Protein chains: 4
Amino acid sequence: MKHELNIWVVGGDMRQAKLAQLLALDGHTVHTYALEQDRSTGPLPEEDLSQAEKADCVVLPLLVSTEGGLLNAPLSQTDHPLSDVLDALRPSQFICGGRLDSEILALAAHRGLTIRDYFAREELAVANAVPTAEGAIQLAMEHLPITIHGARVLVVGFGRVGRLTAQRFQALGAKVSVAARRYEQLAWAQAMGLGTEHLAHLAGWLCGYDLIVNTVPAQVLGRLELEDVKEDCLILDLASKPGGVDLRAAGELGLTVIWALSLPGKVAPVTAGAAIKSTIYNMLQEAGY
Amino acid sequence: MKHELNIWVVGGDMRQAKLAQLLALDGHTVHTYALEQDRSTGPLPEEDLSQAEKADCVVLPLLVSTEGGLLNAPLSQTDHPLSDVLDALRPSQFICGGRLDSEILALAAHRGLTIRDYFAREELAVANAVPTAEGAIQLAMEHLPITIHGARVLVVGFGRVGRLTAQRFQALGAKVSVAARRYEQLAWAQAMGLGTEHLAHLAGWLCGYDLIVNTVPAQVLGRLELEDVKEDCLILDLASKPGGVDLRAAGELGLTVIWALSLPGKVAPVTAGAAIKSTIYNMLQEAGY
Amino acid sequence: MKHELNIWVVGGDMRQAKLAQLLALDGHTVHTYALEQDRSTGPLPEEDLSQAEKADCVVLPLLVSTEGGLLNAPLSQTDHPLSDVLDALRPSQFICGGRLDSEILALAAHRGLTIRDYFAREELAVANAVPTAEGAIQLAMEHLPITIHGARVLVVGFGRVGRLTAQRFQALGAKVSVAARRYEQLAWAQAMGLGTEHLAHLAGWLCGYDLIVNTVPAQVLGRLELEDVKEDCLILDLASKPGGVDLRAAGELGLTVIWALSLPGKVAPVTAGAAIKSTIYNMLQEAGY
Amino acid sequence: MKHELNIWVVGGDMRQAKLAQLLALDGHTVHTYALEQDRSTGPLPEEDLSQAEKADCVVLPLLVSTEGGLLNAPLSQTDHPLSDVLDALRPSQFICGGRLDSEILALAAHRGLTIRDYFAREELAVANAVPTAEGAIQLAMEHLPITIHGARVLVVGFGRVGRLTAQRFQALGAKVSVAARRYEQLAWAQAMGLGTEHLAHLAGWLCGYDLIVNTVPAQVLGRLELEDVKEDCLILDLASKPGGVDLRAAGELGLTVIWALSLPGKVAPVTAGAAIKSTIYNMLQEAGY
């Protein structure tokens, strides 16, 4: 970017609070709103929303609103109607938020505003795969009575999260196999020194694993597959809804399943905030700022 | 596959010779033609081309023909007109070759034959990136007076070859940066612990590198970029034609450039043959064999 | 070993319980005593201590006794005087325990028994360094708001635990430096691609780290060194008593220090039990069994 | 060190030439003698040996003398009697050389000179293990028709070179086992994720390997062990004399053995020169300079 910007960070959790700090460190003039309980900075002055019209860039939370039309603002003690926030903005501003749904887009369009979705950016998805993979390692370490070193691990799915997760377990000395559907993905897994299984033929092949990490958001571990899993195997499901494990069958079989969602904000909010910052910079650059 | 096949391996180099061996080890009935000088097997009996019509599967070389309409058969002492080979085949056979051009496709179509291109398969491209990356390491070791450990390496491009090359240099202790154009690729590089440069802004930033490995088949290292490269830096160009380095400018600047093409067949023909086998199996499976 | 043995596993925690399971899986006749609350096996029959005289090999716990002369038996609901146990053994048996002190050795000698210390074996110390290193990673993940990937980590000391810890943080993408005293150790760190600091000159050089992991059991991080550590840096002390951190100074400076002892038994009791098994096998082999 | 020194680099090969350059870059006043054919610097002025008495530090080559009492000076076109060199030095100087033998020590003592051996320093041995390990990789890549990735590699011995070699082959995707004698070494290998074999029981277990790298300077691969090695296995012997392979038996069995000595100076003279520099700095520091 060519110059310092006036940036408003509005609502959100520790990620947005950290984002605001980092933007200020880069020399931008940063205002925060509805983040007053961020403990890492101490109480912030109550900003006047009417001044937001002077912003070059406005950053809304990841999940912009909660039920009831309120701004998603867990670090604020006050309720902030989203409409108040949107009313304070102008069409010429660069406005962005995360995981936009049709409702929020309609509210914005109604006011002539364009909101860009930073969470839809591929580079943020890749960056977030790192804390997700580390979260999987942490959970595995917390719940397994054996070391990752030497453990037999199956990673189901070989997209962003699958790749980085498999690579990290391997780096810690686990014996890692990957189950994927496409020959190309299996070739990548082999090129990385990982074992391979074909996703369509898992039933009957899962008895050897100490840990199964699923990353596919479709039921790939059904009763048929689970019947073969040994009792002390840990199953981590990192996939977004509907998840990849038949939880009912798993329960009946006495298997331990941990369905871990939204790990980046939980395990490494500071890193997650930094990744949002980089992504917004990329978006601003593409928009000519 | 459900059963053993009658497979003809026709022409080619050590990769095809090894492929024939591996297919036979898997229990198929394998015939070779125009591979009689393969030293690893000893002289093979001269097969009768008229028997090729009994084949379930026919494997042509990677680069099917040479100039003058001859079969590409460096391991044969005889000239074999490609038309003779094609005349011996039947439309119902599974026929495949590598790097098919329009001419060969036309010759085949004229006879009602369908030839599938195994070299166009993504899984083979990924598998071949491994020996290519190792070839780059070998060349760097042979030509640099320093160890890879501690060397500052720039990998230009972050596709298949770029990824595996960067990862391997990093694994050997080099300080590796990646130059790429897309934010997504840069995010992947960061997730792998690599430094990043934007491909569009390399000029003026190349003075620190001991080794530059290009993988982009377009001139990304022109005079402007090269002017900054230090004299004892080695430049490896792994990109297919037209390559990525302005060779004339490099020469005038006294820089050492090695343009290394077709590394898999050169540095690891046995591995390359095994990769072709896997790919052909995938193709057969998809075709219902 | 040439044949199956009669082995008694007497007292201890989950490691000994697992050890007993593994020994039985290897075909030995295994008796357990004072391990009756091990949940992984279900209630075990109350063994008759008078039968222990038939054992070829007797395994005592890691820390053989607790205060008051009792057998260290956290998985038993009963108090077991150590003297009762020792009275049941015979001089011709192979008897081993972990972390033997002079008191227990005297008690044994008084009865003509020789007890060997499996915890004093170098191969067990190396094997235990793996779960210790993983425990350090788990603690860092739990307590840091950033990812290990990209974190700046200093590992103080480069013995068994230091090496494996540094290598694992590096494998997860951290920027790792090692502080050691001997040039040889610093050369090893460099050969592994790690940064180096001289242990004697840490004061003034610690402000850049997000995580400091100490492995030296002597106060190497005193007030002078700690004054420079940034407030949100996490300090993990893995060193046995007296530890390596001036806890009082750290407290006054508002620094977070976690002193983590005996990690193997806590984070990976099953792996730790398996390591004891291997070590006992080595000892038996050396003793001619 | 506290100040700039007057340093003479006397004789040697590209390593000493590079050492001289690096010392000068660090600000020392550097004189070279009998290095006049070093192409990397261009012709150097003929220095007057009588001025060497002004040196604070004198660096002799690695292997100080050749047969006939001459200075080891492959980069010089002239013969330089070692006695002339020693006669020019004074007892108060810091004099060092590499791989000193009793003859050279006697010559020095006769003149009241103390020569320290930089090659006997453990940190140099560790540093040199890196280019040795890389040399092993280069040789393996040059001579094997398969990729290192996926190759089954046995590293015999687990000292400095064994460790760094095994780790690097593993990092490139090979399946690496280590053969060692001590339980402690085997535990280290396991902690690094390597397979293990006991050195005393190799006979009958070597048929699976594509590459065997020996680092033990005693005949550990005799006829009995070699009989089982498959014909296309490559054997690299990195051990100094007498080496670890029964070359006669290997020849009779038709096995390919490459005995590679002194790799650091061959594969990475610049890195090897830098390592000598670091070592001499350490020695000077210990000597109070």
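Naming: A, B, ... by sequence-line order, numbering from 1 per chain. All of these numbers come straight from a predicted model, not from anything done at the bench.
Nearest heavy-atom pair, C:A191 versus D:V126, reported as atom, atom and distance to 0.1 Å: CB-CG1, 4.3 Å.
For C:R160, the parts lying near chain D are the backbone and the side chain together; criterion is any non-hydrogen pair under 4.5 Å.
A 4.5 Å side-chain heavy-atom check between C:E123 and D:W188 finds every atom pair outside the cut-off. Residues C:Y183 and D:Q285 form a side-chain contact, since some pair of their non-hydrogen atoms from C-beta on lies under 4.5 Å apart.
The neighbour count for C:W259 CH2, taken as heavy atoms of other residues, nucleotides or ligands under 6.0 Å away, is above 12. Counting non-hydrogen atoms of neighbouring residues, nucleotides and ligands closer than 6.0 angstrom, the NZ atom of D:K266 exceeds 12 such neighbours.
Most heavy-atom pairs under 4.5 Å with chain D: of the set C:V130, C:N282, C:T279, C:L124, this distinction falls to C:N282. Note on D:Q190, D:R182, D:R163, D:R121: by heavy-atom pairs under 4.5 Å with chain C, the leading option is D:R163.
For the atom pair CD (D:Q167) and CD (C:Q167), the distance works out to 7.5 Å, reported to the nearest 0.5 Å.
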